[in-house]
Amino acid sequence: MVALPPAGRRLFEKGRRLGLHNLVEVGKVCYVLAVWRQRDEGRKLISPQDLISRSPCTSASRYHSRPKVNQVPTKVALNRTSLYLHCMSTKVVQGSRRYGYEECKATADWLLDQAPVRPLVGIVCGSGLGGLADMLKDQKIFNYGDIPNFPKSTVHGHAGRLVFGTLKGKPCVCMQGRFHLYEGYPIQKITMPMRIFKLMGVKTVILTNAAGGLNQDYKVGDVMIIKDHINMPGFAGINPLSGPNEESFGTRFPCMSDAYDRKLQQLAQEVGAELGYSDFLREGVYCVLGGPSFETIAECRMLTRLGADAVGMSTVHEVIVARHCGMQVFALSLITNQAVMDYDSHEKANHEEVLQTGEQRSLQLVKLVSTMVARLDVASDYTNGEAHHC
Ligand SMILES: O=P(O)(O)O[C@@H]1C[C@H](O)[C@@H](CO)O1
Ligand SMILES: Nc1nc2[nH]cnc2c(=O)[nH]1
């Protein structure tokens, strides 16, 4: 429990008596991250943002104006079934602590309370690649909007669902849709699911994305095993680990030269060869940019000279956070379009083409990933020799 100032402590004590838990201090402002026990709703975790959007600040209450989503509640009035927020400040709480251990743990616990399995493998589906989640057996699905502290998907082709289940007998959790910098979320927020994965017990993370092919040998529909990355936003100080280090997750200065697990790359090559995919299976360097605009011709030429084989708008931030907290990482790019390199070309990158290519390669991608998962050596982590059933 973090140290609370006296006002926060009093609020916490009061909230506790009424069934509210986990009062968290952020900067100078206290807010409630609540496990709110309501008589007929059972146990419910409500984040500050949810409290703001859902709480019934009625005209009957002395708090007459409904708080705006980016306002920070400075006072909270409680009774048995209702919670009223008083927002005096419009200051938005900044910084990584807001997406720190307490929040991630609360969300992980909330999910595990209801999940049918304790996942050992976490999968992130890129644009148009959500079909992977459909492979899971005995599914339990959570819409992102219902998960405390979780961002919402805003991009077409990202369903915005967290799916639990088993894939070839392995307990998995699958993000059907991810978050991107260009959606306007802080970088700590878009990578928070990785820490939630970790706290739920995930050992191996498999990430997929749609990317533009920079390497002139690549064709649309190729699948690139990511062997390394170039973190362009990182050059400008935009890194998910910026801010106070969360020691409980990992070290201040994590190594990234071993970010992409070599054994898993080897396994992908073997599985790909067995499945007859060698013709379109590649290995290369993925470069992340901020997006949402696609690259200019000059930018594509520059990235090629820097050693990038594919360019995209995701994955790298998640990889950094996943490695920081010690998970094993494997990542794939589906080359959905050729980056335009030539001023005579009339090609134009567009999201529709990205989704369409995703659909066309979906079956092979699902087969590759599911066969790899079947062979993952995570069995030794099962308790009592069984899958982690909660
Ligand atoms: O989530 P991913 O990286 O697969 O999404 C890519 C990058 C943009 O979000 C979008 C562009 O079409 O696809
Ligand atoms: N930045 C970037 N992201 C992509 N995602 C899919 N295709 C592309 C592309 O060409 N550029």
Side-chain angles (χ1 to χ4, degrees), residues 122-133 144 151-161 174-185 187 189-191 193-194 205-216 218-224 226 229-233 238 240 282 284-304 306 308-320 322 329-342 345 347-362 365-366 369:
I123 300 172
V124 181
C125 303
S127 284
L129 301 170
L132 263 168
Y144 289 167
K152 322 257 177 297
S153 278
T154 67
V155 186
H156 182 44
H158 290 257
R161 306 181 330 157
C174 191
M175 286 180 72
Q176 214 172 23
R178 64 146 62 82
F179 313 108
H180 308 83
L181 266 183
Y182 63 75
E183 291 175 80
Y185 293 118
I187 194 164
K189 184 109 186 164
I190 63 175
T191 51
M194 294 303 108
V205 182
I206 298 177
L207 303 115
T208 64
N209 64 52
L214 294 164
N215 187 319
Q216 292 304 286
Y218 287 7
K219 292 189 292 297
V220 170
D222 282 356
V223 173
M224 184 185 87
I226 302 182
H229 70 226
I230 298 174
N231 178 14
M232 245 346 153
I238 303 170
R282 314 283 187 170
V285 175
Y286 174 88
C287 176
V288 63
L289 301 184
S293 48
F294 288 110
E295 298 67 42
T296 64
I297 293 168
E299 285 164 349
C300 289
R301 290 178 170 192
M302 180 195 79
L303 295 176
T304 309
L306 290 181
D309 296 297
V311 57
M313 308 177 194
S314 69
T315 308
V316 168
H317 319 305
E318 294 152 329
V319 170
I320 291 171
V329 165
F330 174 75
L332 283 176
S333 289
L334 173 62
I335 306 301
T336 52
N337 55 291
Q338 280 285 5
V340 182
M341 299 277 195
D342 182 353
S345 167
E347 295 292 325
K348 289 180 181 197
N350 64 88
H351 191 54
E352 287 64 43
E353 184 188 7
V354 168
L355 296 183
Q356 205 180 358
T357 314
E359 218 167 273
Q360 286 162 359
R361 264 286 179 252
S362 179
L365 228 119
V366 166
V369 172

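Counting convention: from 1, in listed order, for ligands and their atoms alike.
Between Cys287 atom SG and His229 atom NE2 the span is 9.5 Å, to the nearest 0.5 Å. Atom CG of residue Asn215 and atom OG1 of residue Thr304 lie 8.0 Å apart, to the nearest 0.5 angstrom.
Scanning all heavy atoms of the two residues, the minimum distance from Val288 to Met313 falls at CG2-C, 3.7 Å. The two residues Leu334 and Gly221 make their nearest non-hydrogen contact at CD1-O, 3.8 Å. Across every non-hydrogen atom of Asn209 and Ser333, the tightest pair is OD1-OG, 2.8 Å. Minimum interatomic distance between His317 and Ile190 (heavy atoms only, all atoms of both residues): CD2-CD1, 4.0 Å.
Defined by atom type and a distance below 3.5 Å, a donor-acceptor pair is present between the side-chain atoms of Arg178 and Thr315. Checked by atom type, the side-chain pair His158/Ser127 shows a donor-acceptor distance below 3.5 Å. Side-chain N/O atoms of Glu183 and Thr154 include a donor and acceptor closer than 3.5 Å.
When hydrogens are left out, the protein atom nearest atom 10 (C) of ligand 1 is Ser127 OG, 3.5 Å; that is the closest non-hydrogen contact. In this structure, atom 11 (C) of ligand 1 lies nearest to the protein heavy atom His351 ND1, 3.5 Å. Given atom 9 (O) of ligand 1, the protein heavy atom at minimum distance is Tyr182 OH, 2.5 Å. Atom 3 (O) of ligand 1 has its closest protein heavy atom at Ser314 OG, 2.5 Å.
Polar contact check, Ala210 against ligand 1: a nitrogen or oxygen pair lies under 3.5 Å apart. No N or O atom of Thr208 sits closer than 3.5 Å to an N or O atom of ligand 1.
No more than 12 heavy atoms of other residues, nucleotides or ligands shown are found within 6.0 angstrom of CD on Glu359.
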Once you restrict both partners to nitrogen or oxygen, which atoms of ligand 2 have a protein partner under 3.5 Å, and how far apart are they?
{"unit_1": "ligand 2", "atom_1": "1 (N)", "unit_2": "Glu295", "atom_2": "OE2", "d": "2.5"}
{"unit_1": "ligand 2", "atom_1": "5 (N)", "unit_2": "Ala210", "atom_2": "O", "d": "3.2"}
{"unit_1": "ligand 2", "atom_1": "7 (N)", "unit_2": "Gly212", "atom_2": "N", "d": "3.4"}
{"unit_1": "ligand 2", "atom_1": "7 (N)", "unit_2": "Asn337", "atom_2": "OD1", "d": "2.7"}
{"unit_1": "ligand 2", "atom_1": "10 (O)", "unit_2": "Asn337", "atom_2": "ND2", "d": "2.8"}
{"unit_1": "ligand 2", "atom_1": "11 (N)", "unit_2": "Glu295", "atom_2": "OE1", "d": "2.8"}
{"unit_1": "ligand 2", "atom_1": "11 (N)", "unit_2": "Glu295", "atom_2": "OE2", "d": "3.4"}

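The ligand atoms of ligand 1 that sit less than 4.0 angstrom from a heavy atom of Asn209 are 3 (O), 4 (O). Contact atoms of ligand 1 toward Met313: 7 (C), 8 (C) (distance under 4.0 Å to a heavy atom of the residue). Close approach of ligand 1 to His180 is summarised as follows: ligand atoms under 4.0 Å from at least one heavy atom of the residue are 1 (O), 2 (P), 5 (O), 9 (O). Within the listing of ligand 1, atoms 1 (O) sit less than 4.0 angstrom from a heavy atom of His158.
A search for side chain to side chain contact (heavy atoms under 4.5 Å, CB included) contacts involving Ser362 returns Val366, not counting sequence neighbours.
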